[in-house]
Every structure is written in structure tokens, then in C-alpha cells.
Amino acid sequence: MRDTLTAVITETVESLIADGRLRLASVPDVHVERPRDPSHGDWSTNVALVSAKSAGMVPRDIAAMLAAELRQRLAGVAEAIEIAGPGFINVRLARDVVADVVTRIRDEGDSFGAGERTGKLVQVEFVSANPVGPLHVGHGRWAALGDSIARILEHAGDDVQREFYVNDAGVQMDIFAASVSARYLELCGVEAEFPEDGYRGTYIIDIAREIFDAEGTCWIEATAENREAHFKEQAYTAVLEHLKRVLSGMGVGFDVWFSERTLHAAGADGVTAIERGIARLREAGYLYEQDGALWFRSTDFGDDKDRVLKKADGSYTYFAADIAYHADKYDRGFDLVIDIWGADHHGYVKRMEAAVAALGHPGKLEVIIGQLVNLFRNGEVVRMSKRTGEMVTFEDLLDEVGVDAARYFFLRRSTDQPVDFDIALAKERSSENPVYYVQYAHARICSILRKASGADTADESVDVAAVAEGIAAGPAELALLGSEPGTLAGEAELGLLRKLAEFPEVVAIAARQRAPHKLATYAEDLAATFHGFYTHCQVVVDDPALRNARLALADASRIVLARALGLLGVTAPERM
RNA sequence: GCGCCCUUAGCUCAGCCGGAUAGAGCGUCUGACUACGAAUCAGAAGGUCGCAGGUUCGAAUCCUGCAGGGCGCGCCA
């Protein structure tokens, strides 16, 4: 509708210029928006204000001229076109046009609000936690974030691939192995020194015990090197399984688990991916040697300082591997790569962007920085100690509050805002908890549909979708919605229709801004609008036409609520 | 010191491709269950949008400077 109006208004302005009634050098960009205040109608444009100065006219005069013309051109679509304030032109749509959204939603179902397929292939890489320990709550947020962004982009029309980068190479893996080894020896009753910078979490002991139970004391005699090499793989596998289990348990699946080790392994030509990546940068002329190390001149691309790729001792930095990794991504044909990193890595963004640009893909990397999560319980900060390894893991949190509440709380806030997560509140099944507020609206609609089928509202055998399918509401019935404007019932119906019509725009904006929280805000808004409709309008009334019209409206609300929640990865229960 | 993010109601936050009287939840105060789920709804009170300039017909929104808070600045990963 917005596009239609924009086009019609633009044509109107053009014709006014053509017959000389409006003196403008060029046609202004027509901006059509939804007024905040519903009394201003469904749509509003500010063209008169924008063109006033260059046309040398008073805004309201231009508006009057345009409005007169638009009343002709929009006959049948618009019920009223008015001038308001300093020169806005407000368009109130005809009621049948407004009510038509119900038919569209019920026809399109889950694909309502979907964008045209763009053919664009986007990769979203997220979580990518080091496989040396359990996920913490921050990882949980980034998992929810990446997954939701992927869902939203898919709905908006892109093709999306989800990827997890496994940092299974590097010194943290050695420290990890040494930590397990020390715990293992302790279990064997052997005096062992715990590594200075080792991982002190109790999960290390659990892993060591698993090995001890399965393989006994046979590794006591082995050299530290052999023992740790063996333990590294055992422990790595255990942690990787944990990661996969927890993530899939919250409904987050990855298309690719990309192992960093593959970048260090020589291919058929005996060359590693890291070396190939470095060679590409060298050919492009961005490398130099200094102090025995190999440097990347990232300052050419706005980084604060140049970065080392190959250390003086001959080993590669993490960054070198990451460059090879990103080179590989673009080799795989992605049009856009989105990396989601924790706030603690934001200092790394510029060099990565520099590397991607140097590889010949400027602008094709987008790094989203997810802020952290602060845990509370009844308003008290939950303390966690890195030193002792005492912490609430993400798995603990999921066990306690459930997937829906966890995902919803993580996504409710904008990405660049830290989340204060109150465990007690997330568990609370009350009005204070927004996730239940939205889900309740959905369950309530399902209950109405069960009622409408003639069954008891609690009858679990009723197939809600089938009942919805059977509701016949054509233009004649839908015309009853909002037919009594000015009454509480009429306004409630119209308000709900308008709110439903906003959904496609919300999806588009959320996709463009990579902002799942817009869906959460919208879902709460829609739920509130529905609750208002519910209080003012009896749905299951005797008059069959009005009943079907309201049932169809409720059904459309159900579909959109479920879709909004679905894009957040939150379920829409039929009863609670 | 440099870089990024944040600063809106008592609290937690939306609103930010510039628009009309700045919104929601919680908390406080009033009301509404003999109708489809009260996990709900209706209403009241509550704000110099951190400060100062600038751009504009118009700024919470864009630009600059300043102040306060968070995070990051390794030949670690």
C-alpha cells in the first residue's frame, strides 16, 4: 500500500508540475509514513512541506492542491484525504481496503510478510565459542541473536547459511589438554601441578573422570606430551558434543561447523590455507617483514596499527588463520558475510575489515557486536569468578528458565544494549513477564477457536488450524469490521487491522537493521492490541456474519503472532 | 591517550532512513470477572530526551564539541 501511495502521489506531483501549477525544478522524493496518532489516518505524506521552499509557496496551499487532486485519483482506495498541521496530507483508507489484510494473511499464512527472493547468499557466522569449555550466557545471547537474524533475513528474502567456526587449533587447546591431564593425574592419586593459566572449571574434572573411568590409570606412565595429545582429542570431542547438544536443544542448528585445523593442514599441493591467504595479501602488496615477523599493513584500510601474521618464532597468529578463514568464505561464493562477535572482541573489527578489503572483497563483511549479559536473581547480581571457574553456564540457565524465556529475554533488547537478565523474572509466569504476555494472546486466540468449533475450550482434541481453515469470511463479512467507528468495538477492530498490516514493514526493517528486537517490540504491541480487541469485542457472537468476521480477524492475529515469535525462535503454544 | 558502544519517566527500556501532543512494561494510585482464558483490560500521576552549539520550515533522531558510564587497545586466542 505504501508503494502504491508513493507512486500515485509522485505521479500527482509530476502532473501538477507539468501543467505549471507547481513550480519545481525536480520531483521531490515522496515520503509516505504511518502517522503515530491513528486519528491522523492510515498514511501521511510530507511532500507539501518538503517542496514549499523551492516552489515558493505556503505548505498548506500546496497540500490543498495535492489533496484535491488525490481525492480523484484515490477514489475507492481512500475514504478521506485531509490536510493537517503545518501541511501534512493524511490519507484514511477505505474500510474494505483496511480489512483486506485479514484475507491476505489467511491466504499467505506463514509467508505473510515475506520479502521477494533476493537471490543473495548470506552467511551468518555466530557463537564460534572456543571448544574448551561450556557455553556461558553471553554465548547464549549470541546464539539467539545469530539464529534470529538468520531467520529474519530468510523471511526477508535472502538465502542464509549458518556457520560455527571451531577454534580447535592454537595454544588454548594445549592449555585445555594440560588442565585435563592434571585433573586426571589427581584422580589417579598422582601428585600433579595444575597449569598456571589452566582452566579451573569443575567441568574439567568431569572430563578427566570420564577418561579415567573409561581408560583407567594407563596414562600415568605416558610422557606428558603423549598423554596431553590423547586427552586433547578426548576432551575436545566431549566439549564439541556439549556445544552441539545445548545449541540444538534451543533450536539453533548450524549448516557448517568449520574447523580451524583445516586451515593449518596442507592440501594436495602441500600448501596450507593460511599460507595461501598470506600469499594473496603478499601479491596484493600489503605485507612486509620487520623484527623477524611478517606484518600486514592494515593501516592502509584505517586500522590503528599494522598487525603481525607470522611471528618471529615462525608460527602464525590467530589473525592469520582468520584471514584464511574469511578468504575461504568468499571462495564459497557468499555475497555478504555477517560475523557476530561478543563485545569483548570489538577491537578486532577494523583489522578484519581491512583484511577482507585487502583480499578484494571490500564492504562484504559486516560485523555485529553483541553486548554482554548480566545475570541477576531477584535483583541481585549473580557473581561469577573466572579464577575459580565458578559460573552459571548457559545450559544451567536454559534448564532453569526454559528455551522460550531465555531466547525472548536475549532478543528483547537492541543488540548494542547489554541485557540484564533476571532469572527469577524469566521464570515467573505472570504479567511481569513479556514472553508469557505474548504467548498468552496466542493461546487465548486458540482457545476462542476451540470455542467456536462448538467444543469445550479445554478440549485438547480440537485441531485449531482446521477450525481456522473452516471459517468463511469474505469481503461481505469483513466489511463488518470497524463498521461502527467511534465505538470502542469499532476502534478496537480497526486498530487490530492496522497493527496486522504493519508486520511486513517490521520484518523488512528488522532485516535491514539486523534487529530482532523490533520483532519482540512488535509482538508485544500486537498482543496488547489483540487483548484490547478481545475486551471490547465478543468474538463468538450469535450473528454468523459478524462472528466469522471477528474469528477471521482473530485467526489472522494468531498467524502473525506465531510468525513474529517464530522469527525470534520462540514457540507459540496453543494452551498454557 | 586512542577506538567502539551507551546516556529518554522513580526503575528497565522502545522510539533514531528528521515530522504533528516523546511511548511501553514495572512500580504508585483508581476502577472492571453471571460473556469466548483476569497470565487480561480501562484510567490517573510521572519527562529541560546527559550538556552546549550547528544544519533544517521542523531535531530524542543528523553534525561538532564537552561530561558521565561500559568495553577494547598483545609477535594471546
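Quantities reported herein were computed from a predicted structural model and do not represent experimental measurements.
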Under 4.0 angstrom, heavy atoms only, what part of the nucleic acid is Arg307(A) near: base, sugar-phosphate, or nothing?
nothing
Among rC41(B), rG72(B), rU12(B), the one nearest His346(A) by side-chain distance
rG72(B)
Which whole-number value in Å describes the distance from Leu519(A) CG to rC13(B) P?
20 Å
By the 4.0 Å heavy-atom rule, please label Asp168(A) as base, sugar-phosphate, or nothing.
nothing
What's the gap between rC49(B) and rU8(B) when it is taken at their C1' atoms, as a whole Å value?
4 Å
CG of Leu49(A) versus C1' of rC57(B): gap in Å, rounded?
7 Å
Side chains of Asp306(A) and Tyr288(A): do they bring a donor and an acceptor to under 3.5 Å?
yes
With heavy atoms under 4.0 Å as the rule, sort Ala293(A) into base, sugar-phosphate or nothing.
base
Quick check on RNA chain B: between Ala84(A) and Ile448(A), whose nearest nucleotide comes earlier from the 5' end?
Ala84(A)
In this structure, how many angstroms lie between the P atom of rG72(B) and the CD atom of Gln371(A), rounded?
11 Å
At 4.0 Å (heavy atoms only), tell me whether Asp291(A) reaches a base, stays on the sugar-phosphate, or touches nothing.
base
Does rG19(B) pair with anything, Watson-Crick or G-U wobble, both distances under 3.5 Å, and if so, with which nucleotide?
rC57(B)
Within the structure shown, what part of the strands sits under 4.0 Å from Val171(A) by heavy-atom distance: base, sugar-phosphate, or nothing?
sugar-phosphate
Touch check for Ser414(A), heavy atoms < 4.0 angstrom, all strands: base, sugar-phosphate only, or nothing?
sugar-phosphate
Please lay out, stage by stage, how Leu500(A) and Leu553(A) fare under the test side-chain contact (heavy atoms from CB on, under 4.5 Å).
CA-CA 9 Å; Leu500(A) 290 169; Leu553(A) 176 55; 3.8 Å; yes
Any N or O donor-acceptor pair under 3.5 Å from the base of rA77(B) to the side chain of Asp322(A)?
no
What nucleic acid atoms does Thr457(A) come within less than 4.0 Å of, heavy atoms only: base, sugar-phosphate, or nothing?
sugar-phosphate
Which base, if any, makes a Watson-Crick or G-U wobble pair with rG3(B), both distances under 3.5 Å?
rC71(B)
Quick note, His536(A) side chain, CB onward, closest among rG19(B), rA42(B), rC75(B) is rA42(B)
Compare the aromatic ring of Tyr348(A) with the six-membered base ring of rG72(B) and state whether they stack according to the 5.5 Å and 30° rule.
no
In this structure, how many angstroms lie between the C1' atom of rC11(B) and the CG atom of Leu425(A), rounded?
13 Å
If you measure from the C1' atom in rA60(B) to the same atom in rG1(B), how many Å do you get, rounded?
31 Å
State the pairing partner of rC33(B); accept Watson-Crick or G-U wobble contacts with both distances under 3.5 Å, and report none otherwise.
none
Per atom distances to the Gln538(A) side chain, the nearest of rG72(B), rC13(B), rC36(B) is rC36(B)
Mind checking if Ala169(A) touches a base, just sugar-phosphate, or nothing, with heavy atoms under 4.0 Å?
sugar-phosphate
Could you check whether Val349(A) gets within reach of a base, just the sugar-phosphate, or nothing at all, counting any heavy atom under 4.0 Å?
nothing
Pairing nucleotide - rA39(B), Watson-Crick or G-U, each distance under 3.5 Å
none
Using the six-membered ring for Trp and the full ring for Phe, Tyr or His, decide whether His345(A) stacks on the six-membered base ring of rG72(B) (centres under 5.5 Å, planes under 30°).
no
Provide the distance between the two C1' atoms, one in rG74(B) and one in rG47(B), to the nearest whole Å.
46 Å
Contact between Phe409(A) and Val373(A) at the side-chain level, heavy atoms closer than 4.5 Å - yes or no?
no
Look at the aromatic rings of Phe530(A) and Tyr534(A) and report parallel, tilted or perpendicular, splitting at 30° and 60°.
tilted
Aromatic rings Trp142(A) and His136(A): how do their planes relate, parallel, tilted or perpendicular, breaks at 30° and 60°?
perpendicular
Classify Phe319(A) by what it touches in the nucleic acid, base, sugar-phosphate, or nothing, heavy-atom distance under 4.0 Å.
nothing
Considering every strand and a 4.0 Å limit on heavy-atom distances, what is the contact class for Met576(A): base, sugar-phosphate, or nothing?
base
d(CG, Leu488(A); P, rA42(B)) in whole Å
10 Å
Checking rC75(B), rC36(B), rA20(B) against the side chain of Lys451(A) (C-beta onward), the nearest is rC36(B)
Distance-only donor-acceptor test (3.5 Å): side chain Thr535(A), base rA42(B):
no
Assign the ring pair Tyr325(A) / Tyr165(A) to parallel, tilted or perpendicular, where the plane angle (0 to 90°) is split at 30° and 60°.
parallel
When the P atoms of rC13(B) and rG3(B) are considered, how many whole Å apart are they?
27 Å
Think Lys311(A) has a side-chain N or O under 4.0 angstrom from the OP1 or OP2 of rA77(B)?
yes
Gln417(A) CD - rU12(B) C1' separation (whole Å):
10 Å
Near-parallel close stack of Tyr440(A) and rU40(B) base (under 5.5 Å, under 30°)
no
With a non-hydrogen cut-off below 4.0 angstrom, is Cys537(A) in contact with a base, only sugar-phosphate, or nothing?
base
In whole angstrom, give the distance that lies between atom CG of Asp37(A) and atom P of rA20(B).
10 Å
Looking at side-chain heavy atoms only, is the closest gap between Thr415(A) and Ile340(A) below 4.5 Å?
no
Tell me the partner of rU48(B), counting only Watson-Crick (N1-N3 plus N6-O4 or O6-N4) or G-U wobble (N1-O2 and O6-N3) with both under 3.5 Å; none if nothing fits.
none
For Lys518(A), answer base if it contacts any base atom (sugar-phosphate contacts may also be present), sugar-phosphate if it contacts only those atoms, and nothing otherwise; contact means non-hydrogen atoms under 4.0 Å.
sugar-phosphate
Presence of donor-acceptor pair under 3.5 Å, side chain of Asn46(A) and base of rG19(B)
yes
Measure NZ/Lys53(A) against P/rU56(B) and give the value in whole Å, please.
7 Å
Separation of the C1' atoms in rC4(B) and rC41(B), to the nearest angstrom:
44 Å
When you compare rA14(B) with rG50(B), how far apart are their P atoms, in angstrom units rounded to a whole number?
14 Å
Is the Phe421(A) ring parallel, tilted or perpendicular to the Phe410(A) ring (thresholds 30°, 60°)?
tilted
rA59(B) and rG68(B): how far apart are their C1' atoms, nearest whole angstrom?
23 Å
Nucleotide nearest Tyr436(A) (side chain, heavy atoms from C-beta), chosen from rA20(B), rA39(B), rC75(B)
rA39(B)
salt_bridge(Arg450(A), Glu460(A)) N-O dist < 4.0 Å
no
Just name whichever nucleotide pairs with rU12(B), Watson-Crick or G-U, keeping both distances under 3.5 Å, else none.
rA24(B)
Donor-acceptor pair present, His531(A) side chain and rC41(B) base, under 3.5 Å
no
Across the strands shown, which category fits Gln172(A) at heavy-atom distances under 4.0 angstrom: base, sugar-phosphate, nothing?
sugar-phosphate
Note, Asn433(A) side chain near Lys427(A) side chain (heavy atom, < 4.5 Å)
no
Measuring from the side chain of His517(A) (C-beta onward, heavy atoms only), which nucleotide among rA77(B), rA35(B), rA14(B) has the closest atom?
rA14(B)
Work out how far the C1' atom of rA52(B) is from that of rU48(B), and round it to whole angstrom.
13 Å
